[in-house]
Colleague: 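Below you will find the structure I want to go over with you.
Note: hydrogens, waters and symmetry copies are ignored here, and every other heavy atom, side chains too, is used.
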Amino acid sequence: TPLPPTATPTPTLIWFPATATPTLYPTPQPLPTENMRPGIGAIIYQDDFTDPEAWSLATSPLGSVALGLDELTIVINAEDTYLYTVRRDWNLSDFYLELTASPSMCRELDEYGILLRFNSAGDFYRFSLSCNGQIRLDRIYQGKASSPQPWLVSYAVPPGAPSSSRLGVWAVGSEMRFFVNDHYQFTITDPLLLSGGLGVFARSTIDWPLTVNFSELVVYSVH
């Protein structure tokens, strides 16, 4: 008697193929961002640029320093010209300040910014922004100039004009930290000038008018 034919095996379908079990790793916890402006306290000075006795104002064929509508304006009409003015009655040591600088006519390496710890025309720091988007810090000490921070490209500085930047400086002892539009830029440690006055400036480098408006100056204590 013939044997029955062997049944053809039916393949088994695997609808959900097995996969390797992944190794689980702990989720990294983000580190807290360092506070680059610690210890800021109450407002100690505030200036809306309405008091003509508070700043040195002047007009000449080269340009002018004048008060406008809640702002101080420096206008320069000549190439290679530097104009500045200093607040008459402030002397700052440890502080945090903010100031808005708004060039309305500005080109290339024309620059503008803040004078810090100003003791005389030969002793101060100068925080500069250029019209092509760079920043630097100069020190004038005993009449000799140097640059603790040479020109540095900053993407926080809007190039050209019209534009506007909120400048910040945190200064405690010999350490100074600099900010533009709430972005930290650099730190300088320098023990030569620990206190002094506050001013603003503009400098032209080409034969083109330069106009910069300064407004909303606030100085805070730091503890």
Side-chain angles (χ1 to χ4, degrees), residues 31-40 71-76 79-86 92 94-118 124-141 145-190 192-193 196 198-206 208-220 222:
L31 296 175
T33 302
E34 181 183 0
N35 181 9
M36 299 302 294
R37 292 173 281 195
I40 296 176
E71 62 187 11
L72 184 149
T73 301
I74 297 180
V75 176
I76 296 178
E79 184 178 358
D80 295 326
T81 300
Y82 172 65
L83 295 179
Y84 73 94
T85 181
V86 177
L92 307 175
D94 295 351
F95 61 87
Y96 174 70
L97 71 80
E98 289 189 344
L99 169 70
T100 298
S102 305
S104 57
M105 299 185 70
C106 185
R107 283 190 174 186
E108 299 179 13
L109 264 181
D110 289 347
E111 56 184 301
Y112 56 93
I114 306 174
L115 306 180
L116 301 162
R117 294 180 169 173
F118 188 99
F124 60 92
Y125 298 102
R126 181 171 55 219
F127 179 36
S128 302
L129 281 67
S130 73
C131 297
N132 62 1
Q134 300 184 72
I135 57 174
R136 75 174 180 182
L137 182 74
D138 296 325
R139 180 187 65 209
I140 291 78
Y141 182 66
S146 61
S147 294
Q149 173 58 63
W151 281 123
L152 173 71
V153 174
S154 172
Y155 296 103
V157 179
S163 63
S164 184
S165 293
R166 188 71 174 164
L167 313 185
V169 182
W170 182 95
V172 174
S174 61
E175 184 175 352
M176 293 182 288
R177 302 174 184 177
F178 296 86
F179 304 81
V180 177
N181 291 322
D182 276 333
H183 294 281
Y184 167 74
Q185 302 297 298
F186 59 85
T187 295
I188 294 297
T189 301
D190 190 291
L192 293 181
L193 300 170
L198 177 69
V200 295
F201 81 96
R203 172 167 30 205
S204 65
T205 58
I206 61 174
W208 181 264
L210 170 61
T211 301
V212 185
N213 303 311
F214 299 92
S215 60
E216 300 175 295
L217 172 58
V218 184
V219 182
Y220 300 85
V222 176

Colleague: Between the main-chain N or O of Thr81 and the side-chain N or O of Ser204, is there a donor-acceptor pair closer than 3.5 Å?
Modeller: yes
Colleague: Can you find a pair of side-chain heavy atoms, one from Val86 and one from Val200, that are under 4.5 Å apart?
Modeller: no
Colleague: Decide yes or no on side-chain contact (heavy atoms from CB on, under 4.5 Å) for Thr211 and Ile74, but give the supporting numbers first.
Modeller: CA-CA 6 Å; Thr211 301; Ile74 297 180; over 6 Å; no
Colleague: For a quick test of reading the model, state the closest non-hydrogen atom pair linking Arg166 to Ser215 and the distance between them.
Modeller: NH1-O, 3.9 Å
Colleague: The test is side-chain contact (heavy atoms from CB on, under 4.5 Å); show your working for Met105 and Leu210 and say whether it passes.
Modeller: CA-CA 5 Å; Met105 299 185 70; Leu210 170 61; 5.9 Å; no
Colleague: How about Ser130 and Tyr112: do any of their side-chain heavy atoms sit closer than 4.5 Å?
Modeller: no
Colleague: Verify the distance criterion only: is there a donor paired with an acceptor across the side chains of Ser154 and Gln185 at less than 3.5 Å?
Modeller: yes
Colleague: Look only at the side chain of Asn213 and the backbone of Thr73, and say whether a donor-acceptor pair between them is shorter than 3.5 Å.
Modeller: no
Colleague: Set out, in order, the CA-CA distance, both residues' side-chain angles and the distance that settles side-chain contact (heavy atoms from CB on, under 4.5 Å) for Cys106 and Val212, then state yes or no.
Modeller: CA-CA 8 Å; Cys106 185; Val212 185; 5.7 Å; no
Colleague: Would you tabulate the side-chain donor-acceptor contacts of residues 133-141 under 3.5 Å, counting partners in other chains and residues two or more places apart, or write 'none'?
Modeller:
{"unit_1": "Gln134", "atom_1": "NE2", "unit_2": "Asn132", "atom_2": "OD1", "d": "3.3"}
{"unit_1": "Arg136", "atom_1": "NE", "unit_2": "Asp138", "atom_2": "OD1", "d": "3.4"}
{"unit_1": "Arg136", "atom_1": "NE", "unit_2": "Asp138", "atom_2": "OD2", "d": "3.1"}
{"unit_1": "Arg136", "atom_1": "NH2", "unit_2": "Asp138", "atom_2": "OD2", "d": "3.2"}
{"unit_1": "Asp138", "atom_1": "OD1", "unit_2": "Ser147", "atom_2": "OG", "d": "2.7"}
{"unit_1": "Asp138", "atom_1": "OD2", "unit_2": "Arg126", "atom_2": "NE", "d": "3.4"}
{"unit_1": "Asp138", "atom_1": "OD2", "unit_2": "Arg126", "atom_2": "NH2", "d": "3.1"}
{"unit_1": "Arg139", "atom_1": "NH1", "unit_2": "Asp190", "atom_2": "OD2", "d": "2.3"}
{"unit_1": "Arg139", "atom_1": "NH2", "unit_2": "Ser146", "atom_2": "OG", "d": "3.2"}

Colleague: Are Val157 and His183 close enough that some pair of their side-chain heavy atoms sits under 4.5 Å apart?
Modeller: no
Colleague: Between CG of Leu217 and CG of Leu97, what distance do you get to the nearest 0.5 Å?
Modeller: 6.5 Å
Colleague: Is there side-chain contact between Pro159 and Arg107, with at least one heavy-atom pair below 4.5 Å?
Modeller: no
Colleague: When rounded to the nearest 0.5 angstrom, what distance separates CG in Asn181 from OG in Ser164?
Modeller: 7.5 Å
Colleague: If you measure from CG on Leu92 to CG on Leu116, what distance do you get to the nearest 0.5 Å?
Modeller: 8.5 Å
Colleague: Without hydrogens or angle criteria, can the side chains of Thr205 and Asp110 be said to hold a donor-acceptor pair below 3.5 Å?
Modeller: yes
Colleague: So, using side chain to side chain donor-acceptor pair (under 3.5 Å) as the criterion, who are the partners of Ser128 when residues are at least two apart?
Modeller: Glu111
Colleague: My understanding is that only one of Phe178, Trp170, Phe179 makes a ring pair (Phe, Tyr, Trp, His ring centres under 6.0 Å) with Tyr184; could you say which?
Modeller: Phe179
Colleague: Under the ring pair (Phe, Tyr, Trp, His ring centres under 6.0 Å) criterion, do Phe201 and Tyr82 qualify, and how do the steps go?
Modeller: CA-CA 7 Å; Phe201 81 96; Tyr82 172 65; 5.8 Å; yes
Colleague: Using every non-hydrogen atom in the two residues, find where Ile206 and Glu108 come nearest and quote the distance to one decimal.
Modeller: CG2-OE1, 3.6 Å
Colleague: About how many Å separate CG of Leu83 and CD1 of Ile76, when rounded to the nearest 0.5 Å?
Modeller: 4.5 Å
Colleague: Within the 4.5 Å heavy-atom criterion, are Phe214 and Leu167 side-chain neighbours or not?
Modeller: no
Colleague: Please assess Arg37 against Tyr96 for the test side-chain hydrogen bond (donor to acceptor under 3.5 Å, both in side chains), listing each intermediate value before the final yes or no.
Modeller: CA-CA 8 Å; Arg37 292 173 281 195; Tyr96 174 70; 2.9 Å; yes
Colleague: Using the benzene-type ring in the case of Trp, are the ring centres of Tyr84 and Phe118 under 6.0 Å apart?
Modeller: yes
Colleague: Is any side-chain heavy atom of Leu129 closer than 4.5 Å to one of Ser165?
Modeller: yes
Colleague: Would you say the side chain of Glu216 lies within less than 4.5 Å of the side chain of Glu71, judging by non-hydrogen atoms?
Modeller: no
Colleague: Side chains of Tyr125 and Ile188: closer than 4.5 Å at any heavy-atom pair?
Modeller: no
Colleague: Could you walk me through whether Tyr155 and Val180 pass side-chain contact (heavy atoms from CB on, under 4.5 Å), step by step?
Modeller: CA-CA 9 Å; Tyr155 296 103; Val180 177; over 6 Å; no
